[in-house]
Amino acid sequence: MPVDIRDVEAIIAAQNEWRAQCLNLIASETTQSPAVRAVQNSDFMGRYAEGHPNTATETNRYYQGTRYIDEIERMAQQEMSELLGARQVDVRPISGNAANTAVALGMLRGGDSVIVNSTDAGGHISHAAIGVFGRRIQSRGMLLKTGGDKAIPMHFWPLTADHYHIDVPAALALIEQVKPRMVVLGKSLFLFPEPVNEIAAICRQYEIPVLYDGAHVLGLIAGGAFQQPLREGATWLTASVHKTFPGPQRGIVAANLDPEQEKKYWQPVDRGVFPGSSSNHHLNTLPALVVATREMRAHGAAYAHATIANAQAFARALDAAGVPVEARDFGYTQSHQVAVNVAGFGGGVAAAQRLEAMNIICNYNLLPGDADPKAPSGLRLGVQEMTRFGMGPDTMGALAELMADALKGKDVRDAVVALRARYQELGYQ
Ligand SMILES: *Cc1c(COP(=O)(O)O)cnc(C)c1O
């Protein structure tokens, strides 16, 4: 007799039903295509493969039984490499954080210094003092704090007055002054491209490698609608493949290094991936990555451009509806994200909860200048998932009205469900 799982199935069914009736605006999520979902349920789920795929002449695995795993892993690597125009791609990290961990393990040691985006400037927690970069550069006796004599040698990019852009002259001066072991660009609240060209140029003079964390924007990069960090001089691109990139939950490291640089910057990261940050790497999701990569090759440009156009239309409509949108002077956004200030609507936490009750799902977020991390004044909104469900700029007005009404305390739940009901078919697959 199989065990009784009806309660488990009921929870899954409830999730499926509820989120299909929601306007999902979490900037790090998406709904994967039926093909991406379907290929994940296979025998690969129970298997192991560590190391690299075997070839006709080399044994690189530590287990037998990997012939089809080898085939699919090589395919994933090859097709991602072509999509990104990257000579090196590692598809084994099981998430964006694991990809960052691999780079940190490979390249950094206690006492090394780094420059990163601070958390209140939108940087990811993995970049922070308590994240993998901070932990890795910490030596015994150092505090996980910046500033002061026992501080870890972590520095933050100086920002321009609007707080959404790196102050390039000040950043170049900081690099000259600190001569860090590595610099990290990219972030989680990510509205505008980073000055990769300028920073990479000066880093080259001092042989400082540049990590670009494209976890959020990989789909926009792959679709050619955002900056191209490897072409602009980044040493590595790390990313999640399930935020704007519509794949299964995994990560990658990519680079475009010549053979000499490969030894210096790719070999250590390779060991950072395995055995550093993952061993077996969730093989059932590898075929799904291949499928998503092909979807991006076929439709990525259309999807990425539509996503950014929607974000800009949504931002304009929200501002017009009385919800203050950040970075207005810069056209609000050049990514899939929009940042709004809801200090006038009870603050980020209360606003996000009120919206959830109306089936509008998003997350509260610190905005530049927020003093208390427990009282964020913003919301971060991402339109990539609803774009995949076929919403266009004309729908963004309706979406903004619903959101503004919900923030003002109106009950818009039925209207939200009705709007979402019109967008159930996934495109770009
Ligand atoms: C989400 C995110 C990550 C972590 O990715 P996971 O796939 O969730 O582990 C890393 N860096 C940035 C900038 C992110 O936003």
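Every number for a ligand or one of its atoms is a count from 1 in the order of the listing. These figures come from a predicted structure and were not determined experimentally.
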Could you go through residues 171-183 and list every donor-acceptor pair under 3.5 Å that involves a side-chain atom there, pairing it with any protein atom two or more places apart or in another chain?
| unit_1 | atom_1 | unit_2 | atom_2 | d |
| --- | --- | --- | --- | --- |
| E176 | OE1 | Y206 | OH | 2.5 |
| E176 | OE2 | Y206 | OH | 3.4 |
| K179 | NZ | E176 | O | 3.1 |

Evaluation steps, side chain to side chain donor-acceptor pair (under 3.5 Å), between D120 and S118:
CA-CA 5 Å; D120 58 352; S118 67; 2.7 Å; yes
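- Using a 4.5 Å cut-off on side-chain heavy atoms (C-beta onward), F330 and F192 make contact.
- The number of heavy-atom neighbours closer than 6.0 Å to CZ of R328, taken from other residues, nucleotides and ligands shown, is 12 or below.
- The side-chain tip of R420 points at the ring of F389 from less than 6.0 angstrom away and within 45° of straight on.
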Distances for all N or O pairs of ligand 1 and the protein under 3.5 Å?
| unit_1 | atom_1 | unit_2 | atom_2 | d |
| --- | --- | --- | --- | --- |
| ligand 1 | 5 (O) | S240 | OG | 3.0 |
| ligand 1 | 7 (O) | G96 | N | 2.8 |
| ligand 1 | 7 (O) | S240 | OG | 2.8 |
| ligand 1 | 7 (O) | H242 | NE2 | 3.3 |
| ligand 1 | 9 (O) | S95 | OG | 3.0 |
| ligand 1 | 9 (O) | G96 | N | 3.3 |
| ligand 1 | 9 (O) | N97 | N | 2.8 |
| ligand 1 | 11 (N) | D213 | OD1 | 3.3 |
| ligand 1 | 11 (N) | D213 | OD2 | 2.6 |
| ligand 1 | 15 (O) | S188 | OG | 2.8 |
| ligand 1 | 15 (O) | K243 | NZ | 3.1 |

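- A side chain to side chain donor-acceptor pair (under 3.5 Å) with S126 holds for exactly one of T101, N100, T238; it is N100.
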